[in-house]
Amino acid sequence: MIKRDKYLNELIDRMHNGMIKVITGIRRCGKSYLLFNIFYDYLIKSGINKNHIIKIQLDDILNEELLDPKNLYNYVKNKIIDEDMYYILLDEIQLVNNFEVVLNSFLHINNLDVYVTGSNAKFLSSDIITEFRGRGDQIHLMPLSFKEYYDYSNLDFDEAWNEYSMYGGMPYILMCKSDKQKVTYLTNLFNETYIKDIVNRHNIKNVDILEDVLNIISSSVGSLSNPNKLSKSFKSIKQIDIAPQTIKLYLDYCIDSFLIEKAYRYDVKGKNYIDTPLKYYFVDIGLRNARLGFRQQEESHIMENIIYNELINRGFNVDVGVVTINEKNENGNYVRKQLEVDFVCNLGYERYYIQSALNIDSEEKRLQEERSLINIDDSFKKIIIVRNNIKKWKDEKGVLFLSLKEFLTDMNSINS
């Protein structure tokens with residue numbers, strides 16, 4: 001069993017809270033497995049009687065009658081025969097007509113705790129919780145983190161990193177025996193599932209433009225971009241006029257479907273957000289690589305995307321930092337320059353400034369990587385994550401240097 005303790009604990013923390021627990025996430029990231037295997041096993045080991053766990057997989061032909069909301073409600077109601085707590089686990093709830101109505105009706109049963117997954121375009125949308133009138137509690141599931149992948153794979157770190165940075169963390173990848181199987185699986189998943197979901201939900205007529213937008217975003221992971229810039233790229237490369245508003249709409253569709261995420265730029269000194277340009281990252285690096293036919297394997301950009309996903313997975317709000325400085329030029333005049341911080345990470349009262357670096361094999365490289373960090377005049381921790389397997393150390397300016405291995409495998413590495 002692939003352990004997904006973070007998400008199991010999120011479900012446990014939400015037990016008996018009087019809300020519908022809605023497990024969301026990109027297709028094939030393991031939502032059903034989390035609910036019907038991991039959480040179910042937890043309930044059994046906690047002493048819950050099997051008769052008090054109502055498991056219904058609504059895509060099973062044997063449950064076809066339960067796709068009618070009244071039949072589903074009555075079926076569940078008849079299973080509740082005492083005052084003890086019952087747990088209902090519903091998979092593919094979107095197959096039920098007016099599923100919002102029946103789920104809200106379940107909330108009127110005091111000794112029923114409700115957990116659902118879904119995988120149609122509506123359920124793969126970030127606005128699904130609004131359907132439950134403030135009574136929905138979202139657990140957003142991501143593909144496997146590196147540590148989840150690493151712990152299950154039994155590979156050494158470098159082997160696991162090479163595999164993960166190429167094929168990502170979609171759970172089924174761990175079941176594939178060959179590179180060919182992995183490539184075929186990810187390519188088909190992207191083309192036959194994710195793109196079709198977006199096209200069908202939003203009734204997109206010109207699919208080629210959507211695919212071109214995804215190709216450009218895939219190629220520019222870790223680079224600043226915006227719809228205006230992408231529109232100019234279409235004009236110069238393809239000689240096609242695509243309005244920036246159309247490109248923005250397509251990007252928003254991909255974000256809404258959990259395929260990509262965007263990171264805003266934050267002016268660290270001015271303490272305000274800069275609307276544009278932004279950075280876009282894929283929720284799974286294997287999907288990004290599949291989109292490009294496993295070409296363009298720039299390790300620096302791939303590493304940055306994986307670090308971004310890891311920070312999101314740990315619960316941080318993540319922005320791209322901008323630090324403005326005044327610097328003398330060769331003529332002795334002061335000029336304003338903007339330095340970039342890869343990630344500004346916030347969680348409650350905590351904040352971390354993080355740079356991603358393939359190596360710091362020279363003094364010049366070290367100074368280059370920490371330049372933006374040492375120009376931030378607050379007391380929050382400044383960190384440089386280095387691909388090389390270095391020993392953790394802090395320099396005289398207070399910048400912490402940390403290996404990628406320690407960062408990815410030790411959840412407390414940036415705190416200690």
Side-chain angles (χ1 to χ4, degrees), residues 24-32 59 92 94-95 117-128 140-144 166-173 176 180-223 225-227 229-231 233-234 237-238 240 242-262 278-297 301-302 305 308-309:
T24 64
I26 193 170
R27 278 189 192 268
R28 307 293 185 266
C29 69
K31 299 185 294 296
S32 300
D59 59 349
E92 303 292 357
Q94 82 285 342
L95 296 175
T117 74
S119 61
N120 74 335
K122 188 174 185 180
F123 237 86
L124 293 171
S125 166
S126 57
D127 63 5
I128 182 61
H140 182 65
L141 189 66
M142 295 179 69
L144 299 177
M166 175 68 77
Y167 300 117
M170 300 304 289
Y172 185 74
I173 285 295
C176 295
K180 182 178 179 181
Q181 287 179 7
K182 294 172 185 176
V183 167
T184 300
Y185 172 69
L186 290 172
T187 302
N188 289 342
L189 194 59
F190 204 116
N191 295 333
E192 300 302 320
T193 301
Y194 303 137
I195 288 181
K196 285 187 177 179
D197 278 342
I198 295 168
V199 168
N200 292 337
R201 181 179 190 220
H202 300 286
N203 196 26
I204 294 174
K205 302 300 183 186
N206 198 333
V207 181
D208 290 343
I209 294 176
L210 171 65
E211 298 207 23
D212 284 338
V213 168
L214 283 166
N215 289 340
I216 293 173
I217 289 299
S218 302
S219 298
S220 60
V221 159
S223 301
S225 190
N226 61 29
K229 185 176 180 181
L230 294 175
S231 178
S233 296
F234 272 101
I237 298 172
K238 290 182 160 285
I240 300 174
I242 306 295
Q245 294 87 343
T246 300
I247 294 174
K248 181 182 183 304
L249 204 59
Y250 285 2
L251 288 171
D252 287 344
Y253 292 160
C254 295
I255 292 167
D256 195 46
S257 296
F258 308 126
L259 182 59
I260 63 174
E261 293 196 13
K262 63 182 175 183
L278 311 170
K279 283 192 177 184
Y280 296 92
Y281 296 100
F282 272 79
V283 72
D284 180 76
I285 199 64
L287 294 174
R288 176 265 181 191
N289 294 338
R291 187 64 211 164
L292 296 174
F294 297 90
R295 300 181 293 273
Q296 294 183 238
Q297 296 300 106
H301 292 161
I302 288 173
N305 199 141
Y308 174 86
N309 287 341

J.: For Gly30 and Pro171, work out which heavy atoms get closest and say how close.
T.: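 Taking every non-hydrogen atom into account, N-CG, 4.4 Å.
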J.: What heavy-atom pair brings Gly286 and Leu186 nearest, and what distance separates the two atoms?
T.: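 Between these two residues, the closest heavy atoms are O-CD1, 3.8 Å.
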J.: Looking at every non-hydrogen atom in both residues, tell me the closest pair between Ile198 and Cys254 and how far apart they are.
T.: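 Distance-wise, the nearest heavy atoms are CD1-SG, 3.9 Å.
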J.: If I take atom CG from residue Asn289 and atom OG1 from residue Thr187, how far apart are they, to the nearest 0.5 angstrom?
T.: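 Reported to 0.5 Å precision, the distance equals 10.0 Å.
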J.: Stepwise, does the side chain to side chain contact (heavy atoms under 4.5 Å, CB included) test hold for Ser225 with Leu278?
T.: CA-CA 5 Å; Ser225 190; Leu278 311 170; over 6 Å; no
J.: For Glu211, which residues count as a side chain to side chain donor-acceptor pair (under 3.5 Å) partner, sequence neighbours excluded?
T.: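 If we apply the side chain to side chain donor-acceptor pair (under 3.5 Å) test to Glu211, skipping adjacent residues, the hits are Arg291.
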J.: Got a sec, which residues hit side chain to side chain donor-acceptor pair (under 3.5 Å) with Ser32, two or more places apart in sequence or on another chain?
T.: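 If we apply the side chain to side chain donor-acceptor pair (under 3.5 Å) test to Ser32, skipping adjacent residues, the hits are Asp91.
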J.: Please list, chain by chain and in numerical order, all residues satisfying side chain to side chain donor-acceptor pair (under 3.5 Å) with Asn206, sequence neighbours excluded.
T.: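 Not a single residue meets the side chain to side chain donor-acceptor pair (under 3.5 Å) criterion with Asn206.
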J.: I need the minimum non-hydrogen distance between Met170 and Arg28, along with the two atoms involved.
T.: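 It is CE-O, 3.3 Å.
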J.: Under the ring pair (Phe, Tyr, Trp, His ring centres under 6.0 Å) test, which residues partner Phe190, sequence neighbours left out?
T.: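 Counting only residues at least two positions away or on another chain, Phe190 forms no ring pair (Phe, Tyr, Trp, His ring centres under 6.0 Å).
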J.: List the residues meeting salt bridge (Lys or Arg N to Asp or Glu O under 4.0 Å) with Lys279, not counting sequence neighbours, and say none if there are none.
T.: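 In terms of salt bridge (Lys or Arg N to Asp or Glu O under 4.0 Å), with neighbours along the sequence ignored, Lys279 is linked to Glu304, Glu340.
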J.: Does Lys31 reach the main-chain N or O of Gly25 with its side chain, forming a donor-acceptor pair under 3.5 Å?
T.: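 Side chain of Lys31 to backbone of Gly25: a pair is present.
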J.: Look only at the side chain of Asp284 and the backbone of Gly169, and say whether a donor-acceptor pair between them is shorter than 3.5 Å.
T.: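 Flag set: sc Asp284 to bb Gly169 pair under 3.5 Å.
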J.: What residues form a side-chain contact (heavy atoms from CB on, under 4.5 Å) with Lys205, not counting sequence neighbours?
T.: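 Expected list: Asn203.
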J.: What distance do Asp208 atom CG and Asn215 atom CG have between them, rounded to the nearest 0.5 Å?
T.: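 With rounding to 0.5 Å, CG (Asp208) is 10.0 Å from CG (Asn215).
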J.: Taking ring pair (Phe, Tyr, Trp, His ring centres under 6.0 Å) as the definition, give me every residue that meets it alongside Phe282, ordered by chain and number, with sequence neighbours left out.
T.: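 Result, ring pair (Phe, Tyr, Trp, His ring centres under 6.0 Å) vs Phe282: none returned.
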J.: Which donor-acceptor pairs under 3.5 Å do side chains of residues 244-253 form with protein atoms, sequence neighbours excluded?
T.:
{"from": "Lys248", "atom 1": "NZ", "to": "Asp252", "atom 2": "OD2", "distance (Å)": "2.8"}

J.: The criterion is ring pair (Phe, Tyr, Trp, His ring centres under 6.0 Å); which residues satisfy it with Phe234, sequence neighbours excluded?
T.: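 Once residues adjacent in sequence are excluded, Phe234 has no partner under the ring pair (Phe, Tyr, Trp, His ring centres under 6.0 Å) criterion.
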J.: Do you know the tightest heavy-atom contact between Ile216 and Ser233?
T.: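 So the minimum-distance heavy-atom pair works out to CD1-CB, 4.4 Å.
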J.: What verdict does the side chain to side chain contact (heavy atoms under 4.5 Å, CB included) test give for Tyr280 and Val221, after you've listed the backbone C-alpha separation in whole Å, the side-chain angles of each residue and the deciding distance to 0.1 Å?
T.: CA-CA 6 Å; Tyr280 296 92; Val221 159; over 6 Å; no
J.: If the condition is side-chain contact (heavy atoms from CB on, under 4.5 Å), which residues does Ser223 pass it with, not counting sequence neighbours?
T.: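 Checked Ser223 against side-chain contact (heavy atoms from CB on, under 4.5 Å); matches are Ser220, His301.
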J.: Given the rule in the side chain to side chain contact (heavy atoms under 4.5 Å, CB included) test, do Leu214 and Leu259 qualify, once you have shown the distances and angles that lead to the verdict?
T.: CA-CA 10 Å; Leu214 283 166; Leu259 182 59; 4.0 Å; yes
J.: Starting at CE of Met142, measure out to CG of Asn309 and round the result to the nearest 0.5 Å.
T.: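 Here the interatomic distance stands at 4.5 Å.
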J.: Can you tell me how far OG of Ser257 sits from CZ of Arg201, rounded to the nearest 0.5 angstrom?
T.: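 So the CZ of Arg201 and the OG of Ser257 are separated by 6.5 Å.
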J.: What closest approach, in Å, do Gly168 and Ile285 show between heavy atoms, and which atom pair accounts for it?
T.: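 Of all heavy-atom pairs spanning Gly168 and Ile285, the closest is CA-CG2, 3.8 Å.
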J.: Return the CD1 to CD1 distance between Ile217 and Ile260, rounded to the nearest 0.5 Å.
T.: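 If I round to the nearest 0.5 Å, the distance is 5.5 Å.
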J.: Taking it one step at a time, do Thr24 and Leu141 satisfy side chain to side chain contact (heavy atoms under 4.5 Å, CB included)?
T.: CA-CA 6 Å; Thr24 64; Leu141 189 66; over 6 Å; no
J.: His140: which residues meet the ring pair (Phe, Tyr, Trp, His ring centres under 6.0 Å) condition with it, sequence neighbours left out?
T.: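 For His140, the residues satisfying ring pair (Phe, Tyr, Trp, His ring centres under 6.0 Å) (neighbours in sequence not counted) are Phe258.
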J.: Please state whether the rings of Tyr172 and Tyr185 are parallel, tilted or perpendicular, taking 30° and 60° as the class boundaries.
T.: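 Tyr172 and Tyr185: tilted rings.
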J.: For a 4.5 angstrom cut-off between non-hydrogen side-chain atoms, does Gln94 reach Glu92?
T.: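 Counting from C-beta outward, Gln94 and Glu92 do come under 4.5 Å.
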J.: Could I get the full list of side chain to side chain donor-acceptor pair (under 3.5 Å) partners for Lys196, not counting sequence neighbours?
T.: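 Lys196: side chain to side chain donor-acceptor pair (under 3.5 Å) contacts with Glu192.
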J.: CG/Leu210 to CD1/Ile204 distance, rounded to the nearest 0.5 angstrom?
T.: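 Rounded to the nearest 0.5 Å, the CG-CD1 separation comes out at 4.5 Å.
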J.: Could you check, using the six-membered ring where one of them is a Trp, whether Phe294 and Tyr167 have ring centers closer than 6.0 angstrom?
T.: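 Yes, the ring of Phe294 comes within the 6.0 Å limit of the ring of Tyr167, centre to centre.
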J.: When you measure from the side chain of Ser231 to the backbone N and O of Ala243, does any donor-acceptor pair fall under 3.5 Å?
T.: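 It does not hold such a pair.
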